[in-house]
There are 2 protein chains.
Amino acid sequence: MSTRRGPIQVAIVDDYDVVVIGVANMLEPYRDRVVVAELDTNKPLVDDVDIALYDSFAQPESDHDEIRTLIDNPLARRVVVYTGNFHPELVSMARDLGVHGYLSKALSGRELVAALEAIHAGETVISSSAAQARNTVGDWPGRGEGLSDRESEILALITQGKNNAEVAALTYLSPNTVKSYIRGLYRKIDVDSRTQAVLWGVRNGFLPDHRRIEHWRGGP
Amino acid sequence: MSTRRGPIQVAIVDDYDVVVIGVANMLEPYRDRVVVAELDTNKPLVDDVDIALYDSFAQPESDHDEIRTLIDNPLARRVVVYTGNFHPELVSMARDLGVHGYLSKALSGRELVAALEAIHAGETVISSSAAQARNTVGDWPGRGEGLSDRESEILALITQGKNNAEVAALTYLSPNTVKSYIRGLYRKIDVDSRTQAVLWGVRNGFLPDHRRIEHWRGGP
DNA sequence: CAGACTAACCCACCTAGGGGTGTGCCACGA
DNA sequence: TCGTGGCACACCCCTAGGTGGGTTAGTCTG
């Protein structure tokens, strides 16, 4: 395995194309330094990448299991979590698993590229959690309809069939908080029930487009 | 408007293609006597038909309103209800509205054609309700997965976003009965919650394919 | 600095939904 | 005849989900 020159190869691991495309668009101006590997096919992974960028948005299983899958696969040289969630339990879990970066979704494109380069060069980069909530960049389903990224994630998990307790566990929120978010998002999309919310979600891009983590199971 | 010779033109009014195709297949051997008009397009109705055959399966609005829409449209010479439901309130409502037939889904294809011909000739035909449950012919979503026609109808209404009270009202069943059916169908499709049932329904043909009643609103 | 806004969270209350158990009727097949 | 399955229904119990009302802490902006 030779040391390779050229832009850093990054694979974005998330099931929602709109999210992946949002990140890819952010990185696009820097394509001489970072390039997004396309994992849109149904084939297992065959080429290694420099960085597997695990986007936490609406992942259907526990982050622990999914990050472990990435760490266990030698085809990802570096594993980086890209998230708005700085819950301490989550951060320490990820570090215990050995991730090489834990990056905030509030980073600008320039900052994100710089962090990826540092990680590629061997550093471990952990974003501070400051100013993360309000300044989230990127894209998510329902953004055009006025849903915040958190509301979007919760609706995505509901549209995957999760109940409130499952949503709370996956997002590291309390059940009460989940209910509060649900109330708000129902108002925004003008529905009265979970069933109607799911149907709205199905029609508006809240079903996962892929199961990208499956490309990473089992190793080569 | 001249009296026309040739097979009777029948328009089947239901939103699920599998149901319409099931009826059409039943009538196919008799195509010299009865032919099914295709209303699969998004255009308003332009040609009249001899009989509008209103299939009650999983209609999303009250039967009263939908049958009235058909009765009020002069492009349907005769309006016939085709159903497994012989709830007295429903039968008398339909007759009060002026339907020319109320036909059982347990009729064989031969019997159905004979009834349609009698109706076309000016008679009013009301099926007896005997032996209707077990011998339903035709097709419905989820039949291949072991759902009865009633279970299928209830899942279709759930997949349209109706709550149990709404399902009960639309099917002329008690809320307790609806719950019993739900319990049974959940077991058959192996789901634990309404949300999962809706997602299963979305994937397995339980969303309406059309809004066929819209072709009949407002008249020419 | 103060105010506005947002995210995260709480509690109380009520009903919609689902599990369990059971009844009765009918039709059909072994 | 008995068993099974479908239809329709009842009652009991419990929690998942939703509504309403609120608090706290952090961030940003004028």
Side-chain angles (χ1 to χ4, degrees), chain A residues 84-90 104-106 128-136 146-155 157-158 161-169 171-198, chain B residues 83-90 104-106 128-136 140 142-143 146-155 157-158 161-169 171-198:
Chain A
N85 192 341
F86 280 74
H87 193 282
E89 194 181 318
L90 186 53
S104 163
K105 286 206 168 181
S128 81
S129 60
Q132 42 113 355
R134 168 149 320 178
N135 303 310
T136 300
L147 295 187
S148 72
D149 59 335
R150 206 64 154 157
E151 284 165 339
S152 172
E153 182 171 27
I154 284 171
L155 180 56
L157 292 170
I158 287 173
K162 313 296 182 189
N163 64 31
N164 286 356
E166 286 165 338
V167 172
T171 53
Y172 296 84
L173 297 175
S174 93
N176 291 313
T177 306
V178 169
K179 281 190 181 185
S180 298
Y181 277 120
I182 285 170
R183 201 168 7 197
L185 81 88
Y186 280 17
R187 215 171 283 127
K188 285 181 181 179
I189 66 177
D190 191 30
V191 298
D192 294 317
S193 70
R194 204 173 193 83
T195 302
Q196 287 171 21
V198 166
Chain B
T83 183
N85 192 341
F86 281 73
H87 193 280
E89 194 180 318
L90 186 52
S104 165
K105 287 206 168 181
S128 80
S129 60
Q132 42 115 352
R134 163 80 50 104
N135 302 311
T136 301
W140 53 86
R143 188 178 168 198
L147 295 186
S148 72
D149 61 332
R150 206 59 157 162
E151 285 165 338
S152 170
E153 181 171 27
I154 284 170
L155 180 55
L157 291 171
I158 286 173
K162 313 296 181 188
N163 64 31
N164 287 357
E166 286 166 338
V167 173
T171 53
Y172 295 83
L173 299 175
S174 94
N176 292 312
T177 307
V178 170
K179 282 190 180 183
S180 296
Y181 278 119
I182 285 171
R183 213 170 354 212
L185 80 91
Y186 279 17
R187 216 171 283 125
K188 285 183 182 178
I189 65 176
D190 191 30
V191 299
D192 295 316
S193 70
R194 205 173 190 84
T195 303
Q196 288 170 22
V198 166

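Here is how names work: the chains are called A, B, and so on, in the same order as the sequence lines, proteins then strands, and each is numbered from 1. Keep in mind the model is a prediction, meaning the values are calculated, not measured.
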Donor-acceptor pair (no angle test) under 3.5 Å: S180(A) side chain, dC9(C) base: yes

Earlier contact from the 5' end, DNA chain D, for P175(B) and T195(B): P175(B)

Rounded distance (nearest 0.5 Å) linking atom CZ of R187(B) with atom CG of D192(B): 11.5 Å

Atom pair distance, as rounded to whole Å: CG in L173(B) and C1' in dG6(D): 13 Å

Heavy-atom side-chain proximity of H87(B) to L173(B) below 4.5 angstrom: no

Whole-Å gap separating P (dA7(C)) and CD1 (I154(A)): 11 Å

Donor-acceptor pair under 3.5 Å, R183(B) side chain vs dG19(C) base: yes

Test item: side-chain donor near acceptor, T177(A) and S180(A), under 3.5 Å: no

Sugar-phosphate only, base, or nothing, as touched by K162(B) at under 4.0 Å among non-hydrogen atoms: nothing

Side-chain N or O of S193(B) closer than 4.0 Å to phosphate OP1/OP2 of dG17(C): no

I182(B) side-chain proximity, nearest of dG20(C), dC7(D), dG18(C): dG18(C)

dA10(D) OP1/OP2 closer than 4.0 Å to side-chain N/O of T177(B): no

Between dC9(D) (C1') and K179(B) (NZ): distance, integer Å: 13 Å

Short side-chain N/O contact to dC10(C) OP1/OP2 from N176(A), under 4.0 Å: yes

Residue N164(B), side-chain atoms from C-beta onward, closest of dG18(C), dG17(D), dA10(D): dG18(C)

Length of the OH-P vector between Y186(A) and dA16(D), whole Å: 15 Å

Atom-to-atom span, CG of D192(B) to P of dG19(C) - whole angstrom: 7 Å

Separation of atom CZ in F86(B) from atom P in dC25(C), rounded to whole Å: 22 Å

Whole-Å distance separating the CG atom of N163(B) from the C1' atom of dA16(C): 8 Å

Phosphate-side-chain proximity, K188(B) and dG5(D), N/O vs OP1/OP2 below 4.0 Å: no

Under 4.0 angstrom between R150(B) side-chain N/O and dG6(D) OP1 or OP2: no

Nearest-Å distance for atom pair CZ/C1', residues R194(B) and dG18(D): 14 Å

Under 3.5 Å: donor-acceptor pair, side chain of K188(A), backbone of G146(A): yes

Pairwise distance CG(L185(B)) to CD1(I158(B)) - rounded to 0.5 angstrom: 6.0 Å

